[in-house]
Protein chains: 2
Amino acid sequence: MEKGKPTNGYLDLKINRKSYEPAYIQLVNIIKQQISLGVFRPGDKLPSESKLCKEYKVSPMTVRRAVNILIDQAVANAVQGSGTYVNSINLGSAAFHLKGLQEFFLDESTTVKILEVRIVPAKDRASKKLAVGRGEPLILIRRLLLKDDEPFFYHKEYLIYDPTRPIVESELEVTSLRGLFSGTGSSEFKNGELGIEATVISSEEAKVLKAETGTAAFLLEHIFYDFNQSPVSWGWFICRGDKLSFTTTVGIQETL
Amino acid sequence: MEKGKPTNGYLDLKINRKSYEPAYIQLVNIIKQQISLGVFRPGDKLPSESKLCKEYKVSPMTVRRAVNILIDQAVANAVQGSGTYVNSINLGSAAFHLKGLQEFFLDESTTVKILEVRIVPAKDRASKKLAVGRGEPLILIRRLLLKDDEPFFYHKEYLIYDPTRPIVESELEVTSLRGLFSGTGSSEFKNGELGIEATVISSEEAKVLKAETGTAAFLLEHIFYDFNQSPVSWGWFICRGDKLSFTTTVGIQETL
DNA sequence: TAGTGGTCTAGACCACTTA
DNA sequence: AAGTGGTCTAGACCACTAG
C-alpha cells in the first residue's frame, strides 16, 4: 500500500461532521461498504487504527469504537500485535432472535384464552425441573394464545405453589406474557433458560390448535428462576410449524 | 440515596487494578452482581455515570464502556437526560445461536458422504431463489453428514452452474461446510439468509437419515450471495428433531 | 437550570506479533 | 525494534429530561 494514499481507493469516502449520524457509525458503514464492494476481501487486513485515524481525521477512541462494532458483528476479528482481519461468512456466528414473537405478543389482536387453572401434584419431570418433591402441589395453567381469533400458541405452564400468595387474575391474562416478551412486566423472575425443539403435534395439542395430529410444530420450552435462583416456572409453548419460522442473515449486510 | 455513600450497600466491591481482568469488565460484573443480589431491581435507576466514576475511581470512558456492555446484553437500558434503568427479563431479546452446529462441523468424527452430484434443470422454486430462468442448468448436490458414522444431517443444495469453473472435489467435502460454519473457508459468499422451520421427515429423507417418516425434524434453509449480490447457492439441511435442539438464557446470568 | 447520557478528543502505557 | 491492538485517562461539548 502506497503511503499517504487513502485505503478506500476510488471511493474516498469521508466522515460528514454535520450528519446526525455519529462519526463512529459512519466509519462502520464506510468500512462495511468497502468490504461489500470488494475493496477489502475476507482474510485481508484492515488498515491499522492509526492509519484510519489519519485517513478519516478522527481520534483513536472513535476508530476503536467503530472497529469494535465490526468485531461484535462478526464482520472482522482482531489479532493483538498483528492486525484486524476481515472474516469469511460464518454460519456459526448466526443467531435467531425471538423479536418476531415479541411483536406477536405486542399485537393488539393477540388474545389469551385460559383453558385451565388448577392445583396438581408434581409428577416426575415437573418435580425435577422445579426442584420440589414428587406429589407436592403445583399450579398448572393451560392457555391458548390467539391472533385474530385463530389459535396460534398452546401454552402449558407449571408454577411453584405459594399458599401465601394467591393467583392474581392479571397474571393469567395476555399482559403477563406480553410483559415477559417485551421486558415491561413485573420483576418476579431474575433469569431463565429457553430451548427450541422440533416436534409433532399430539392429539391434545391438535384439538386446541385446530391442527392435525402428526403435523410439524415448534416447542419452545422455558424455565424461570427468581432472585434466589429457585425455579418458579416451567412450561412450554407449542406452535404449528406452518405458522412460525425464524430467519436471520449472515455476512455483510447492505448499509441501511 | 445518601450522598457519598457507596451505592452498592454492604457489598462495597472495588476494582482490582492488578487483576488480569480489565476495569470495565470488573465493573460490569460488579453491577450485574448487585442486580443479581437485588441491590438494584428491574425498573431501578442505576447510579449516574459521574457517580460510578467517583465510586470506583475510574474515568468516564471506562464507566461508559461498562454501561454500554450492560445495555448490549439487554440488562439495562439508557434514557438520555434521565438515567440508566435495569430491565425486566425479556424473552424478546433472547437469541438462539448456531455455535452448537459449528462444533458439530469442527468435530473430528464428522464426515460427509456425497449421495449425488449432477446437473439438473431449474424448477419453480430453485429458479426463483437463484434468479435463473426455468429449465436453466443448476448443480444439485445431495450430501449426508455423519457423526461417528451415524447420519445426522441431510443436505440438499442447488448451485449456479458456471461452465467456466468446474466443480472441484474439495468443494464437496466436509471441509467446505466446515469453512462455512467456522468462517475459515474461502470467500465465495458475501452474505446469506438463513431460516429455521419445523417439519416432518419425508420418505426420501427418512431413508437416508435412518429415521421414520413423519417424525419431527428441523429444516435449516440457506441462500448465499456472492460479491455482486447474485444468489449462488440455495438449499437446506434436515436434522432429526430428537438429535438437535437450541438453547439459550435470558436475564441476569451468574458471574462466571 | 441542573443533571443525565451520547459523543469525541489527544494523548498515554501495555502486551503482543512480526521481522 | 517497530508496529499492532487493548486499555485507560481527564477532560470537553452537546442534546435531552425533569423539576
Q: Taking only N and O in the side chain of S48(A), is any of them less than 4.0 Å away from OP1 or OP2 of dT4(D)?
A: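 For dT4(D), OP1 or OP2 has a side-chain N or O of S48(A) closer than 4.0 Å.
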
Q: Toward the 5' end of DNA chain D, which comes first, S82(B) or I25(B), by nearest nucleotide?
A: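 Looking at the nearest nucleotide for each, I25(B) comes out on the 5' side.
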
Q: Rounding to an integer number of Å, can you tell me how far K51(A) NZ sits from dG5(D) P?
A: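 Spelled out: NZ on K51(A) to P on dG5(D) is 9 Å.
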
Q: Just the atom pairs and distances: protein N or O near nucleotides 12-14 of chain C's N or O, under 3.5 Å.
A:
none

Q: Return the value, rounded to whole Å, for the distance between atom CG of N68(A) and atom P of dG5(D).
A: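 Roughly 11 Å, once rounded to whole Å.
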
Q: So among I31(B), N77(B), I35(B), L70(B), which one has a side chain to side chain contact (heavy atoms under 4.5 Å, CB included) with V86(B)?
A: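 Checked I31(B), N77(B), I35(B), L70(B) against V86(B); only one passes side chain to side chain contact (heavy atoms under 4.5 Å, CB included): I35(B).
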
Q: Both S59(A) and E49(B) contact DNA chain C. Taking the nearest nucleotide for each, which residue is further toward the 5' end?
A: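 Counting from the 5' end, the first nearest nucleotide belongs to E49(B).
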
Q: A side-chain contact here means heavy atoms from C-beta on lying under 4.5 Å apart; do F237(A) and L177(A) qualify?
A: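 Yes. Closest side-chain heavy atoms under 4.5 Å.
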
Q: Measure the distance from CZ on R64(B) to P on dC8(C) and round it to the nearest whole Å.
A: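 Distance check: R64(B) CZ to dC8(C) P gives 11 Å.
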
Q: Classify the ring geometry between F104(B) and F153(B) as parallel (under 30°), tilted (30 to 60°) or perpendicular (over 60°).
A: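 Rings of F104(B) and F153(B): perpendicular, over 60°.
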
Q: Applying side chain to side chain donor-acceptor pair (under 3.5 Å) between W234(A) and each of E157(A), E193(A), E221(A), report the one that passes.
A: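 Going through the options one by one, the only one that passes is E221(A).
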
Q: Strictly distance-based, threshold 3.5 Å: is any side-chain N or O of S182(B) a donor or acceptor partner for the main-chain N or O of R178(B)?
A: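 Such a contact is found between S182(B) side chain and R178(B) backbone.
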
Q: Could you state the CG-P distance from L52(B) to dC8(D), rounded to the nearest angstrom?
A: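 Taking CG of L52(B) and P of dC8(D), I get 15 Å after rounding.
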
Q: Round to a whole Å and report the spacing from OH of Y85(A) to C1' of dT4(D).
A: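 Distance check: Y85(A) OH to dT4(D) C1' gives 9 Å.
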
Q: Who pairs with K99(A) by side chain to side chain contact (heavy atoms under 4.5 Å, CB included), at least two apart in sequence or on another chain?
A: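 Checked K99(A) against side chain to side chain contact (heavy atoms under 4.5 Å, CB included); matches are Q102(A), E103(A).
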
Q: Closer to the 5' end of DNA chain D via nearest nucleotide, is it G81(A) or M61(A)?
A: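 With G81(A) and M61(A) compared, the 5'-side residue is G81(A).
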
Q: Less than 4.0 angstrom between a side-chain N/O of Y24(B) and OP1 or OP2 of dC8(D), yes or no?
A: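 So the side chain of Y24(B) is outside the cut-off, no N or O lying under 4.0 Å from OP1 or OP2 of dC8(D).
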
Q: So V79(A), base contact, sugar-phosphate only, or nothing? Heavy-atom distance under 4.0 Å.
A: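 The answer is sugar-phosphate, as V79(A) gets under 4.0 Å only of primed atoms, P, OP1 or OP2.
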
Q: Show the numbers, then the answer: is there a side chain to side chain donor-acceptor pair (under 3.5 Å) between D107(B) and S109(B)?
A: CA-CA 5 Å; D107(B) 195 305; S109(B) 62; 2.8 Å; yes

Q: Rounded to whole Å, how long is the line connecting atom CD1 of I15(B) with atom C1' of dT7(D)?
A: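 The answer, rounded to whole Å, is 13 Å.
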
Q: From CD1 of I69(A) over to P of dG6(D), roughly how many Å is that when rounded to an integer?
A: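 Between P of dG6(D) and CD1 of I69(A): 14 Å.
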
Q: Given dT7(C), dT4(C), dT9(D), identify the nucleotide with an atom nearest to the side chain of S50(B).
A: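 Looking only at side-chain atoms, S50(B) lies closest to dT4(C).
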
Q: Kindly determine whether F246(A) and F96(B) satisfy ring pair (Phe, Tyr, Trp, His ring centres under 6.0 Å), including the steps that lead there.
A: CA-CA 10 Å; F246(A) 300 96; F96(B) 294 92; 7.0 Å; no

Q: Does any part of the side chain of L194(A), heavy atoms only, come nearer than 4.5 Å to the side chain of L91(B), both counted from C-beta?
A: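 In short, these two side chains touch, coming nearer than 4.5 Å.
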
Q: For L27(B) and dT9(D), give me the distance from atom CG to atom P, rounded to whole Å.
A: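 Nearest whole value for this atom pair: 11 Å.
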
Q: Closest approach to the side chain of R65(B), judged atom by atom: which nucleotide of dG5(C), dT7(D), dG5(D) is it?
A: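 Closest of the options to the side chain of R65(B): dT7(D).
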
Q: Measure across L46(B) and A76(B) and return the closest heavy-atom pair with its distance rounded to 0.1 Å.
A: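 Smallest interatomic distance, heavy atoms only, reads CD1-CB, 4.4 Å.
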
Q: Take the C1' atoms of the five end pairs on each side of the helix from dT1(C)-dA18(D) to dT18(C)-dA1(D), get both axes, and report the angle to 10 degrees.
A: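 Rounded value for the end-axis angle: 0°.
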
